[in-house]
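Some notes on the structure that comes next.
Proteins get letters first, then strands, A, B, ... in listed order; numbering begins at 1 in each. Excluded from the calculations below are hydrogen atoms, water molecules and symmetry mates; all remaining heavy atoms, backbone and side chain alike, are included.
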There are 2 protein chains.
Amino acid sequence: MNKRDELTEAATDYALAHGLIGLSLRPLAAELGTSDRMLIYHFGSKDELVAAVLEASNDRSKAVIHAMQPSASLRAAVLDLWATYTEGQVQRCQRMYVEAAALGLFGREPYATSIRASNAVWMAAMATHLERSGVAAADAPRLAGLIDATFNGVLLDRPLDDEAESRQIVEDLATALGRSQRGSE
Amino acid sequence: MNKRDELTEAATDYALAHGLIGLSLRPLAAELGTSDRMLIYHFGSKDELVAAVLEASNDRSKAVIHAMQPSASLRAAVLDLWATYTEGQVQRCQRMYVEAAALGLFGREPYATSIRASNAVWMAAMATHLERSGVAAADAPRLAGLIDATFNGVLLDRPLDDEAESRQIVEDLATALGRSQRGSE
DNA sequence: TCACGCATGTAGCAAGTGCTACAGGAAGCC
DNA sequence: GGCTTCCTGTAGCACTTGCTACATGCGTGA
């Protein structure tokens with residue numbers, strides 16, 4: 001494995017654990033057993049390192065969602081997606097996505113560009129799962145957008161609470177979408 | 001008006017325009033016609049300044065939502081709330097809320113505490129509007145939670161796009177909730 | 001008049017930031 | 001052996017960060 005790829009994976013672990021917003025090269029390098037000097041050497045700049053980390057994180061969560069079994073209904077799909085979303089590894093990735101999105105709110109690079117790419121990939125993965133669970137292909141992307149937005153919003157609003165309140169919101173969404181789908185058939 | 005309050009309002013304007021994440025005292029002070037020295041003097045620390053700014057921003061958006069007229073239905077309420085949410089002044093406040101929430105994701109103070117307070121106030125204001133629009137008092141808080149989460153998620157995922165896609169998601173939510181409500185009566 | 005407290009300017013500190021200059025070790029090729 | 005190329009350690013630069021020490025003007029009350 002390429003040295004740069006090794007560093008990317010290790011740096012991704014570190015960023016997932018410590019957050020993206022205050023990320024700085026020296027503590028990161030120390031934990032990786034190297035120096036800021038080498039990180040710059042291998043990545044060219046901090047921005048490129050961050051972009052690589054975001055891509056790696058996105059790959060990880062995408063792999064998990066692709067491994068899901070189809071769900072029995074739209075309602076079940078929302079709940080299953082939420083279960084996946086809140087599973088430890090994926091949730092850490094999503095938390096980092098939220099940080100990157102916040103950093104990109106004012107268009108700052110490389111965050112704005114990275115989150116665009118991440119979002120497209122992630123939403124496509126969600127849409128695929130919805131289709132495999134019986135949702136019409138025409139509706140899947142729009143529904144994926146709604147579901148993803150709600151999930152991220154829940155993660156944002158309730159960072160440290162226990163899951164009960166979050167779960168309630170997701171169930172309300174699942175119920176509303178389930179009813180709405182049957183009502184429109 | 002108290003000097004500290006004056007500074008708080010001006011600092012809030014600055015933070016709304018430039019973002020909260022990279023906020024630093026010297027550029028802020030320069031724009032305010034004072035010095036970092038004086039900001040620390042009046043607020044005690046940067047953290048207290050940030051807390052004051054977040055509270056001021058929250059007060060502003062709360063005032064706007066309280067001034068809304070009741071909506072004709074749940075569906076209309078969602079769309080009206082979205083219209084308010086995306087109105088320039090309020091959207092800037094929400095964008096800052098999202099930044100604060102991201103900063104608080106790992107429990108960092110003063111952000112974690114501030115966003116808890118902001119969120120409680122904002123959700124109560126949304127719930128009140130839903131009630132005034134005919135939603136049962138028992139359902140209003142839960143619905144407010146769902147709607148708020150979705151709005152924030154949309155803001156996060158689509159920071160720089162034109163509004164079409166965002167609008168689509170919100171309409172899907174409004175439709176689903178409207179149908180769901182009628183279906184459950 | 002004098003003293004006191006509030007407000008403010010100047011200068012600076014210690015720490016941390018991304019990044020670079022320079023030198024050298026190690027490995028492979030001629 | 002010499003030469004090049006990849007990698008890495010040491011040291012440092014220029015800059016920014018939140019915050020502080022110190023002195024000074026100001027108005028007010030005794």
Can you tell me the distance, in whole Å, between the [atom1] atom of [X] and the [atom2] atom of [N]?
{"X": "D36(A)", "N": "dG18(C)", "atom1": "CG", "atom2": "P", "value": "8 Å"}
{"X": "K3(B)", "N": "dC26(D)", "atom1": "NZ", "atom2": "C1'", "value": "14 Å"}
{"X": "I21(A)", "N": "dT17(C)", "atom1": "CD1", "atom2": "P", "value": "16 Å"}
{"X": "L49(B)", "N": "dT17(D)", "atom1": "CG", "atom2": "C1'", "value": "15 Å"}
{"X": "K46(A)", "N": "dG16(C)", "atom1": "NZ", "atom2": "C1'", "value": "12 Å"}
{"X": "L32(A)", "N": "dT8(D)", "atom1": "CG", "atom2": "P", "value": "12 Å"}
{"X": "L39(B)", "N": "dT17(D)", "atom1": "CG", "atom2": "C1'", "value": "14 Å"}
{"X": "L7(B)", "N": "dA7(C)", "atom1": "CG", "atom2": "P", "value": "11 Å"}

To the side chain of [X], which of [options] is closest?
{"X": "S24(A)", "options": "dC19(D), dA7(C), dG18(C)", "answer": "dG18(C)"}
{"X": "I40(A)", "options": "dC7(D), dT20(C), dC19(D)", "answer": "dT20(C)"}
{"X": "M38(A)", "options": "dC7(D), dG9(C), dC19(D)", "answer": "dC7(D)"}
{"X": "R37(B)", "options": "dC19(D), dG9(D), dT20(D)", "answer": "dT20(D)"}

Original post:
Nearest heavy-atom pair of L130(A) and A77(A): which atoms, and what distance?
Top reply: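 Looking at all heavy atoms of both residues, the shortest contact is CD2-CB, 3.9 Å.
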Original post:
So which heavy atom on R4(B) is nearest to which on H42(B), and how close?
Top reply: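 Heavy-atom minimum between the residues: NH1-O, 3.5 Å.
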Original post:
Does H42(A) have a side-chain nitrogen or oxygen under 4.0 Å from the phosphate oxygens OP1 or OP2 of dT8(D)?
Top reply: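 Looking at the OP1 and OP2 atoms of dT8(D), one of them is under 4.0 Å from a side-chain N or O of H42(A).
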**OP:** For T34(A), answer base if it contacts any base atom (sugar-phosphate contacts may also be present), sugar-phosphate if it contacts only those atoms, and nothing otherwise; contact means non-hydrogen atoms under 4.0 Å.
**Re:**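 Nothing, no nucleic acid heavy atom in range.
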Original post:
DNA chain D: L23(B) or Y41(A), which has the more 5' nearest nucleotide?
Top reply: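 Of the two residues, Y41(A) wins.
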Original post:
Would you say S57(A) and Y97(A) make side-chain contact, with heavy atoms under 4.5 Å?
Top reply: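 Side chain of S57(A) against side chain of Y97(A), heavy atoms only: no contact under 4.5 Å found.
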Original post:
Do V170(A) and Y85(A) have side chains that get closer than 4.5 Å, going by heavy atoms?
Top reply: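 Side-chain contact under 4.5 Å: no.
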Original post:
Ignoring hydrogens and angles, does a donor from either the side chain of R26(A) or the base of dG16(C) sit under 3.5 Å from an acceptor on the other?
Top reply: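 Checked by distance alone, the answer is no.
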Subject >> Over-ring placement of R95(A) relative to F106(B), 6.0 Å and 45° cut-offs >> reply: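 Yes, a cation-pi geometry.
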